[in-house]
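Only one structure is covered here, and it is reproduced in the block below.
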There are 2 protein chains.
Amino acid sequence: MTLPTVGGPRPAGLVDVARLARVSPSTASRAIRGGAVSPDRRERVLRAAAELAYVPLPAAVRLSSGRGRTVGIVVPTAARWFFVEVVAAAARTLREAGYDLLVFEGGDHGPGRLPVAGELRSKVDAVVLVASAGCGDGLAVLHDLGIPAVVVGGPSAGADRVGVDDEDGAATAVRHLLLLGHRDIAMIAGQPGPGFHRGATDARRAGFSRALEEAGIPAAPDRIVSRPWGVAGGAAAMEQLLSGDRLPTAVFAESDEMAFGALRVLRRAGLDVPRDLSVIGFDDHEMAEAFDLTTVAQSVAEQGEAAAGLLLERLARGGHAAPTAGVTLPTRLVVRGSVRPPRAGH
Amino acid sequence: MTLPTVGGPRPAGLVDVARLARVSPSTASRAIRGGAVSPDRRERVLRAAAELAYVPLPAAVRLSSGRGRTVGIVVPTAARWFFVEVVAAAARTLREAGYDLLVFEGGDHGPGRLPVAGELRSKVDAVVLVASAGCGDGLAVLHDLGIPAVVVGGPSAGADRVGVDDEDGAATAVRHLLLLGHRDIAMIAGQPGPGFHRGATDARRAGFSRALEEAGIPAAPDRIVSRPWGVAGGAAAMEQLLSGDRLPTAVFAESDEMAFGALRVLRRAGLDVPRDLSVIGFDDHEMAEAFDLTTVAQSVAEQGEAAAGLLLERLARGGHAAPTAGVTLPTRLVVRGSVRPPRAGH
DNA sequence: CTGAAAGCGCTAACAA
DNA sequence: TTGTTAGCGCTTTCAG
């Protein structure tokens, strides 16, 4: 049974290349992969391969060598900004190294064992786990399976982690508000859906509280409003804040997406940002500029690249423990137009 | 050489299952794939497979059968809303059928031959081509290779296409404005980047012009402002419109993303939407609601599903011509707050 | 309906 | 450095 090549002639295989170059298949194989081969034979093989438009069949390579040039990435959901950026960046880095990326969308499985472990083992050489509830377990399962893995934005597993310091980033946002003179600052927090890692949300809350404490401002529990993560949740949280007897002068939204929801509610309510209220977000989402939102940026693309890079390095070492430590990328404040000092009246 | 399974015991293979079930490997294979096997033996095989947590190795299946349960999707860029949604929807549909999706990001290759054709042939059983400049050629190349393929949002190749009627959708948007009394309507058009299909932008322009003609409104060439596709382009186009001597009463943006850019510029300029100017978009981007943007919605997810479904059907037929015709999905007007009748003064 | 045998295209031992 | 010889795990003829 051949590949479903109805149209053209059967694609050239390594034997065809070898025959045309008048060498043995193994020499052809070595030449193509850059092994030890005499210059003239290598030359002949490469020429023959080019002429026949030879493309190695990954399935055959994988079957015989055990390595398939494919890495998997497990995400709770595939269509959300953060995950999209991580996946795209990782895919580009991997592709440059000749690897394919297979995306596994987690669905809303609980925090149990990595649901796709069996599949992963049979399909990929290494895996990236992105901010899902099961990252911790997942890392362990994969380790037992002998599959190199790294976590992006998940639990701080140390050497196998890539991410930013969420607590520090949140504190940065709040300090910016403080510096401008705000004293009554509320936080819009997110409730991660099932399957999502909750470490980031916890850390951002902690950063918020810490920055206030440092400034000697007592924590007011009703100043943290928590709603389901996302634009709608941000809107709901803002409505809650609006319904209170006294508006804060500034709001820190855990994520830009929640800030977007808050901004919409404020506009509808006839309030002007930043005149009546300042809003700051976290992430630097692709739409943050369109909303003119001041925010704390994290480079998501760099996280994807770093994760892919770590894996590539480990794969090059034969899958064995990499000497590289985990990567913590910096965040930085991006000032736009949604924040200004509180009005004198306050 | 075995798979890099350092940790646990070597994963069970078909022979292990066969041995435990006390049948031959071929019988085990048939039983697992639902072939003709006596009930009791099938039972035994299935039980054994479950017990051993047997997972077939895709590379081996592909190598021996020629079919690999993988489809490829080629996109000009992977991180933009439209493509993300198509890919995610296609991936889900395929996954339910046991197929994997491999994403090929086109980069900014010219409109030439499908650049990844050789790779596709060796890696996938079928392919989805999404709105790239090379869709037309690509379809031909793949056809010659004997690989089933469908186009999403690309040239209207008829039977192999999934998409919406862009011209009609644009006309719908403009008629909505017309019905409300607008007579001076401008269009913000996009210039597709290299590698992108330009059919959609052309069709939307045509729909804009047609709707105006139908209403007996003479075409004013300076009322179509074209800028690079995207938020920034939309902003630039709006600035251009603002710099003219007389503002239109309404603007139709070719895509929601361009509308977002226009909205930001308008707000910065101190103009109120919809009081001073109405804005309508096209797409129903995930952020359209947050911008309170009236728009013409297209279901991108359905397009991804439809494409995957068409391919699955064809694959089930052994890759041969499907009797199914192409799919044209409907668009629908989504009314939000960015449009209202023109002010009396105009 | 079942089993034995022969590969799929490639890599990796081994011996030369 | 090179060629020869065995498979990798599975499907698929082909006899029985």
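Remember, it's a predicted structure, so these values are computed and weren't measured experimentally. Numbered from 1 within each chain, the chains take letters A, B, ... in sequence-line order.
- Rounded to whole Å, the distance from CG on Leu14(B) to P on dT11(D) is 6 Å.
- By the side chain to side chain donor-acceptor pair (under 3.5 Å) test, Ser29(B) is found to be paired with Arg33(B), residues two or more places apart in sequence or in another chain being considered.
- A heavy-atom distance below 4.5 Å is not found between the side chains of Leu129(A) and Val75(A).
- At whole-Å resolution of the value, CZ in Arg121(A) and C1' in dC8(D) are 16 Å apart.
- Remark: Ser26(A) in residues 17-28 of chain A come within less than 4.0 Å of DNA chain C through at least one heavy atom.
- Of the inter-residue distances, the one linking Leu57(A) atom CG with Ser122(B) atom OG reads 6.0 Å to the nearest 0.5 angstrom.
- Under the side chain to side chain donor-acceptor pair (under 3.5 Å) criterion, Arg22(A) pairs with no residue, sequence neighbours left out.
- When rounded to the nearest whole Å, the span between CG of Leu63(A) and P of dG7(C) equals 17 Å.
- In this structure, Asp16(A) atom CG and dG9(C) atom C1' are separated by 10 Å, rounded to whole Å.
- Applying the side chain to side chain donor-acceptor pair (under 3.5 Å) test to Arg92(B) and every residue at least two apart in sequence or in another chain returns Glu105(A).
- Summarising the geometry, the separation between CG on Leu57(B) and C1' on dT11(D) is reported as 14 Å, rounded to the nearest angstrom.
- In this structure, Arg67(A) atom CZ and dC8(D) atom P are separated by 16 Å, rounded to whole Å.
- A pairwise comparison of heavy atoms in Ala126(A) and Ile147(A) identifies CA-CG2, 3.7 Å as the closest pair.
- Distance Arg69(B) CZ to dG9(D) C1': 17 Å, rounded to the nearest Å.
- A heavy-atom distance below 4.0 Å to DNA chain C is reached by these residues of residues 29-48 of chain B, ordered by number: Arg30(B), Ala36(B), Val37(B), Ser38(B), Arg41(B).
- Partners of Glu305(A) by side chain to side chain donor-acceptor pair (under 3.5 Å), not counting sequence neighbours: none found.
- Annotation: side chain of Leu315(A) is in contact with side chain of Pro148(A) (closest heavy-atom distance under 4.5 Å).
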